[in-house]
Amino acid sequence: MPPETALMSVLCTTLPEQLSLLLVDDHRIFLDGLSLALAPLCKDLQICTAESAADAEICLQHASFDLILLDLRLPDMPGLALLQRWQQQGRM
């Protein structure tokens, strides 16, 4: 078995069946590729994507997420500043 297949096997057995994920990055091709790569990792994976801090804020108003992957260099706000805002608001 190739090492990457073994790793995927381990990940699939350790992740919960349901997982909600928010991907935030200003490059659509990266969001699409990462979504495709992560989709098989668990049975019921919900992936929401946002291309800006403003889009991410809208996503967080409508849903909660188990995991957020956040780009540090967004066009409208640095990712760290956005993370700090969410922490101050008690979202994290």
Side-chain angles (χ1 to χ4, degrees):
M1 176 182 306
E4 59 275 359
T5 304
L7 176 61
M8 292 295 278
S9 254
V10 170
L11 285 174
C12 288
T13 59
T14 58
L15 289 174
E17 284 190 22
Q18 292 183 318
L19 189 66
S20 60
L21 175 62
L22 174 60
L23 304 177
V24 185
D25 195 285
D26 57 321
H27 297 95
R28 172 51 50 193
I29 195 164
F30 180 77
L31 290 174
D32 292 344
L34 193 54
S35 295
L36 285 172
L38 295 175
L41 289 182
C42 75
K43 185 177 179 179
D44 188 17
L45 179 62
Q46 303 295 318
I47 299 176
C48 187
T49 61
E51 294 185 48
S52 67
D55 290 345
E57 291 276 5
I58 291 168
C59 289
L60 278 175
Q61 289 173 1
H62 293 81
S64 61
F65 298 92
D66 299 308
L67 180 65
I68 298 174
L69 298 179
L70 177 63
D71 185 359
L72 297 180
R73 295 182 185 190
L74 295 169
D76 53 344
M77 174 184 281
L80 287 177
L82 182 59
L83 180 60
Q84 289 172 337
R85 176 193 290 178
W86 291 341
Q87 288 176 324
Q88 290 169 349
Q89 294 171 347
R91 293 182 176 181
M92 301 283 120

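These figures come from a predicted structure and were not determined experimentally.
- With rounding to the nearest 0.5 Å, the separation of CG in Leu72 from CE in Met77 is 13.5 Å.
- Applying the side-chain hydrogen bond (donor to acceptor under 3.5 Å, both in side chains) test to Ser20 and every residue at least two apart in sequence or in another chain returns Asp66.
- Between Ala37 and Pro40, the shortest heavy-atom distance links the atoms O-CD, 3.4 Å.
- When hydrophobic clusters are built by joining Ile, Leu, Val, Met, Phe, Trp and Tyr residues whose side-chain heavy atoms come closer than 4.5 Å, directly or via intermediates, Leu70 is not grouped with Leu80.
- In this structure, Leu19 and Cys42 approach most closely via the heavy-atom pair CB-SG, 3.7 Å.
- With rounding to the nearest 0.5 Å, the separation of CG in Leu82 from OG in Ser52 is 9.5 Å.
- Leu21 is not connected to Leu36 by any chain of hydrophobic side-chain contacts under 4.5 Å among Ile, Leu, Val, Met, Phe, Trp and Tyr, and they are in different clusters.
- Contact detail for Leu31 and Glu51: the closest heavy-atom pair is CD1-CG, 3.7 Å.
- Residues Asp71 and Val24 have side chains not in contact (no heavy-atom distance under 4.5 Å, counting atoms from C-beta outward).
- Listed for the Asp76 side chain is a donor-acceptor partner under 3.5 Å among the backbone atoms of Ala53.
- Under the 4.5 Å side-chain contact rule for hydrophobic residues, Leu45 and Phe30 share a cluster.
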Using side-chain contact (heavy atoms from CB on, under 4.5 Å), reason through Ile68 and Trp86 one step at a time and then give a plain yes or no. CA-CA 12 Å; Ile68 298 174; Trp86 291 341; 4.0 Å; yes
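- Expressed to the nearest 0.5 Å, how far CG of Leu34 lies from CD1 of Ile47 amounts to 7.5 Å.
- Checking Ser35, Cys59, Cys48 one by one against Leu23, the side chain to side chain contact (heavy atoms under 4.5 Å, CB included) holds for a single residue, Ser35.
- Annotation: Ile29, atom CD1; neighbour count of heavy atoms from other residues, nucleotides and ligands within 6.0 Å does not exceed 12.
- Taking a 6.0 Å sphere around CZ of Arg28, one finds it holds more than 12 heavy atoms contributed by other residues, nucleotides or ligands.
- Under the side-chain hydrogen bond (donor to acceptor under 3.5 Å, both in side chains) criterion, Asp25 pairs with His27, sequence neighbours left out.
- Here the CG atom belonging to Leu60 is positioned 9.0 Å from the CD atom belonging to Gln89, to the nearest 0.5 angstrom.
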